[in-house]
Amino acid sequence: MIDIIPADTAGRPSHIVLSQKLRVALAFEAVQTYERGMKSPFMYGSAALALAYLASGALLLSSARADVKLPAIFSDHAVLQKSDKVPVWGKADPGEAVTVTLDGVKAETKAGADGKWRVVLNLKDKGEGPYELLVEGKNKIAVTDVLVGDVWVCSGQSNMEWVMNNTTDAKTEIDRSANPKLRHFLVQKSTNAVPQDEFQAKDVRNPLSNTWVLADPATTGGMTAVGYWFGKTLNAELKRPIGLVHTSWGGTPSEAWTSFEGCEKDPDLKASKETMVSGLLAYPEKLKAYTDNFPVWAEKYGRLDKDTADAQAYAGKDIDTSSWKKVILPNTFAKVGLPDSGVTWLRKTINVPEAAAKQNLKFSLGTIGDFDAVYWNGVKIGASSFKTLDPKNAFSPREYSVPAAQVTAGESVLAIRVYTPAGNGGVTTPRNGNFRYGAGNTPLNGEWLAKNEVELPPLSDEAKAAYIAPPRRPTGPQNTPGFLYNAMISPLLPYAITGAIWYQGESNAGRAYNYSKVFPIMIEDWRAHWEQGPFPFYFCQLANFMAKTDTPKESGWAELREAQTKTLSLPNTGMAVLIDIGESADIHPRNKKDAGERLGKAALAQTYGVKIPYSGPKYKSQTVEGDKIRLSFEHTDGGLVAKKLPETFSVQSSKNETKPLVLPSTDSELQGFYICGEDKVWKWAQAKVDGESVVVWSSEVPKPIAVRYAWADNPTCNLYNGAGFPAIPFRTDDFPPITLKATYTN
């Protein structure tokens with residue numbers, strides 16, 4: 001809303017007051033505009049921009065008069081929910097009569113003053129089809145090959161986004177995947193400061209974007225892998241059409257998928273939202289101050305960059321590097337004995353495997369202070385210098401890609417020219433950032449070569465006082481509370497669904513304790529906005545990841561898993577435990593089959609009433625018996641089992657890399673148990689199955705009080721039930737978690 005104060009005698013508004021929602025939208029547009037390399041009008045006054053907004057609103061209203069239209073979710077090959085309440089909606093001329101028909105089921109309405117219309121169809125008794133969905137106004141739209149079945153939303157971060165092409169035995173499954181009753185709709189990635197009623201325009205580079213497609217060797221490779229295996233599991237058992245609506249974005253936290261209203265329900269989340277919004281609002285002005293000041297300051301104090309006369313002398317593939325200094329990165333230059341300011345070159349030899357040749361090669365280079373130019377075998381692939389500023393990378397973690405045509409198997413050289421005008425040079429990693437490359441997220445940490453080109457003298461006191469530091473770029477819109485909900489969930493509403501599946505949590509692991517509050521808030525938020533009651537919501541627990549430890553330790557990832565387990569207290573929820581399919585050096589396990597199938601079995605049992613096991617053993621209670629603790633469990637289908645462990649564990653399956661598995665409790669039947677006494681010092685424990693319970697003990701803990709199981713980033717553990725499901729990680733203590741004080745705002 002814009003409140004316009006009464007005009008003066010010349011007919012001009014005295015001033016314009018913008019609502020916070022509009023101010024956020026305008027600031028968001030300013031940031032997006034700047035990222036496209038253009039000046040933003042936001043920098044020159046909110047009143048002028050508000051008037052422009054009013055004018056554009058008038059244009060939007062005048063251009064809204066058009067033929068009847070449907071949102072992209074109603075496209076050929078769509079799956080509609082088998083339900084008595086199936087909304088169909090769209091736009092038309094204000095007051096235009098609209099009729100919607102599907103095989104004799106008919107509904108009529110008129111478009112409102114805003115041009116929006118909506119009807120509800122009763123498809124509860126319809127067969128699966130295919131049908132034609134006919135929408136008639138002044139024009140007609142025929143949506144063909146429409147099936148009636150069950151629709152599931154598939155959402156989360158990169159492990160849900162992960163496509164079939166990049167999974168274990170991908171080609172074998174894709175080649176046999178043809179199934180007209182399994183269909184997929186990919187929501188185009190987008191962010192927005194205000195809730196949207198339509199998706200961002202289709203990405204022409206991705207044929208699956210914003211359209212329904214059938215599972216087929218030509219399309220399955222681009223589908224969400226977890227979603228595909230989930231849908232295949234349901235379809236095989238139920239013999240009914242399954243529609244997968246895939247809306248996910250890698251590296252995003254749950255709060256970005258929560259509406260603004262939902263964020264208001266937790267004080268910390270609310271404060272975070274307001275802080276991030278303030279950052280968005282202030283950023284354009286701070287950025288303009290910096291860009292105006294920097295060239296003047298740099299010239300006055302002799303800190304201007306001068307182009308390297310011969311970049312190939314530093315970036316070329318086959319140069320003599322005998323005079324270069326070996327350094328360990330990521331690090332500040334000062335810590336590795338390099339000049340704190342000036343121009344420094346860094347280079348590293350990258351061995352590209354045959355499988356990665358002729359494919360785009362992505363580099364995540366952490367945060368570089370302050371500007372850089374990046375070369376691949378002597379060819380510049382990107383830059384963030386002041387002269388050729390790439391705003392997307394300015395003062396933020398760097399992301400660059402080598403075009404597929406330049407990627408060949410064997411040794412190649414990555415070179416970085418770093419220009420640091422005011423000190424504090426170096427290559428560092430942000431709190432949640434990466435210093436990696438390639439689809440396998442291969443670390444770049446370790447030894448690099450460095451050579452100084454220009455060393456600048458220390459800044460004078462006058463220069464320090466005059467310097468305006470680069471502004472910290474606001475949190476990316478995709479990580480800002482509400483922004484993914486607004487653009488990638490809101491447009492789905494109120495599309496009728498059966499439920500949702502979810503794979504996310506990695507981006508919240510640093511504040512795991514808080515997740516036990518905000519994850520349930522997100523689920524309830526979706527349910528409230530969908531207005532379908534407490535629909536089924538099934539989620540993946542974090543897989544094992546990172547290095548294995550030889551001593552019992554605290555773990556933020558274990559605490560995040562605990563937060564996920566606590567979320568099972570919400571009605572109509574279920575969880576797939578993945579503690580046995582992860583990889584220590586890859587946050588993206590290639591085995592998505594088990595993840596999708598375990599979610600599918602949870603849905604079959606809990607939503608569809610199929611009488612099958614669907615969960616691993618779940619801790620129920622403990623009893624102290626002298627120097628031992630006895631644990632009891634639910635979901636012991638087929639009895640408790642100590643599964644035989646392999647001799648190796650997976651480091652990175654994309655490289656077929658494994659390491660020998662060292663058992664923490666060498667003579668124990670069960671692995672992965674810790675035990676402690678009143679001193680709260682955890683020790684590896686012996687453990688064995690005893691009927692329907694597990695007995696745990698340690699000679700080092702004569703008076704035990706608590707037990708933990710699989711409580712590590714990457715635990716070695718082997719408690720299963722007879723149905724083949726791994727036990728849910730747990731702890732019997734209530735000691736303060738290490739993430740207790742980690743919040744969004746600290």
Side-chain angles (χ1 to χ4, degrees), residues 1-2 21-22 25 28-29 52-81 83 85-102 105-123 131-146 151 153 185-204 209-212 243 245 247 259 483-497 529-532:
M1 173 181 179
I2 299 178
K21 182 178 286 188
L22 177 57
F28 173 70
E29 176 58 27
Y53 182 87
L54 288 173
S56 66
L59 290 173
L60 287 172
L61 289 174
S62 66
S63 64
R65 299 184 62 82
D67 290 339
V68 63
K69 294 181 179 179
L70 286 169
I73 193 72
F74 295 102
S75 68
D76 293 346
H77 316 302
V79 179
L80 298 181
Q81 181 66 32
S83 168
K85 295 179 181 178
V86 179
V88 180
W89 68 94
K91 295 180 181 179
D93 285 347
E96 181 176 350
V98 178
T99 302
V100 180
T101 309
L102 186 143
V105 178
K106 185 176 181 180
E108 299 176 327
T109 190
K110 287 186 177 181
D114 58 359
K116 296 180 180 180
W117 58 267
R118 174 177 166 182
V119 300
V120 176
L121 301 179
N122 184 350
L123 304 183
Y131 302 107
E132 178 181 81
L133 178 68
L134 185 63
V135 181
E136 298 179 86
K138 294 176 182 177
N139 61 306
K140 293 183 180 180
I141 301 175
V143 182
T144 62
D145 187 32
V146 175
V151 179
V153 174
F185 183 94
L186 174 63
V187 175
Q188 175 59 33
K189 283 185 178 181
S190 182
T191 59
N192 213 290
V194 293
Q196 300 296 293
D197 56 14
E198 180 56 289
F199 306 117
Q200 181 171 306
K202 177 181 178 68
D203 182 352
V204 296
S209 169
N210 282 9
T211 190
W212 284 97
V245 179
T247 178
S259 75
F483 275 49
L484 290 181
Y485 173 89
N486 290 339
M488 297 180 68
I489 297 297
S490 179
L492 288 172
L493 304 174
Y495 201 79
I497 62 173
H529 282 92
W530 240 288
E531 297 181 345
Q532 285 190 202

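All values below were derived from every heavy atom in this structure, side-chain atoms included, with hydrogens, water molecules and symmetry-related copies excluded. Since this is a predicted model, take the numbers as computed values, not measurements.
For K140, the salt bridge (charged side-chain N to carboxylate O under 4.0 Å, His left out) partners at least two apart in sequence or on another chain are E136. Annotation: salt bridge (charged side-chain N to carboxylate O under 4.0 Å, His left out) contacts of K106 (sequence neighbours excluded): E108. Taking the side chain to side chain contact (heavy atoms under 4.5 Å, CB included) definition, one finds that A201 meets it with nothing, sequence neighbours left out. With sequence neighbours left out, H529 forms a ring-ring contact (aromatic ring centres under 6.0 Å, His included) with Y485. In this view, D203 and R205 satisfy the salt bridge (charged side-chain N to carboxylate O under 4.0 Å, His left out) rule, not counting sequence neighbours. Shown here are the side chain to side chain donor-acceptor pair (under 3.5 Å) partners of S190, two or more places apart in sequence or in another chain: Q200. Residues satisfying the side chain to side chain donor-acceptor pair (under 3.5 Å) test with K85, not counting sequence neighbours, are none. Evaluation of the ring-ring contact (aromatic ring centres under 6.0 Å, His included) rule for F185 yields F199, W212 as partners, not counting sequence neighbours. Under the side chain to side chain donor-acceptor pair (under 3.5 Å) criterion, S259 pairs with E261, D525, sequence neighbours left out. Residues forming a ring-ring contact (aromatic ring centres under 6.0 Å, His included) with Y131 (at least two apart in sequence, or on another chain): none. Residues satisfying the side chain to side chain donor-acceptor pair (under 3.5 Å) test with D145, not counting sequence neighbours, are H77, R183.
A donor-acceptor pair under 3.5 Å links the side-chain atoms of W117 to the main chain of K91, judged by distance alone. Within the 3.5 Å criterion, the main-chain N or O of N192 finds a donor-acceptor partner in the side chain of N486. Using modelled atom types, one side-chain atom of Q81 and one backbone atom of V151 make a donor-acceptor pair closer than 3.5 Å. Here the side chain of K202 pairs a donor or acceptor atom with the backbone of S209 at under 3.5 angstrom.
Each salt bridge (charged side-chain N to carboxylate O under 4.0 Å, His left out) pair with one or both residues in residues 483-494, not counting sequence neighbours, would appear here, but there are none.
Proximity of V153 to T247: side-chain heavy atoms (C-beta onward) are separated by under 4.5 Å at one or more points.
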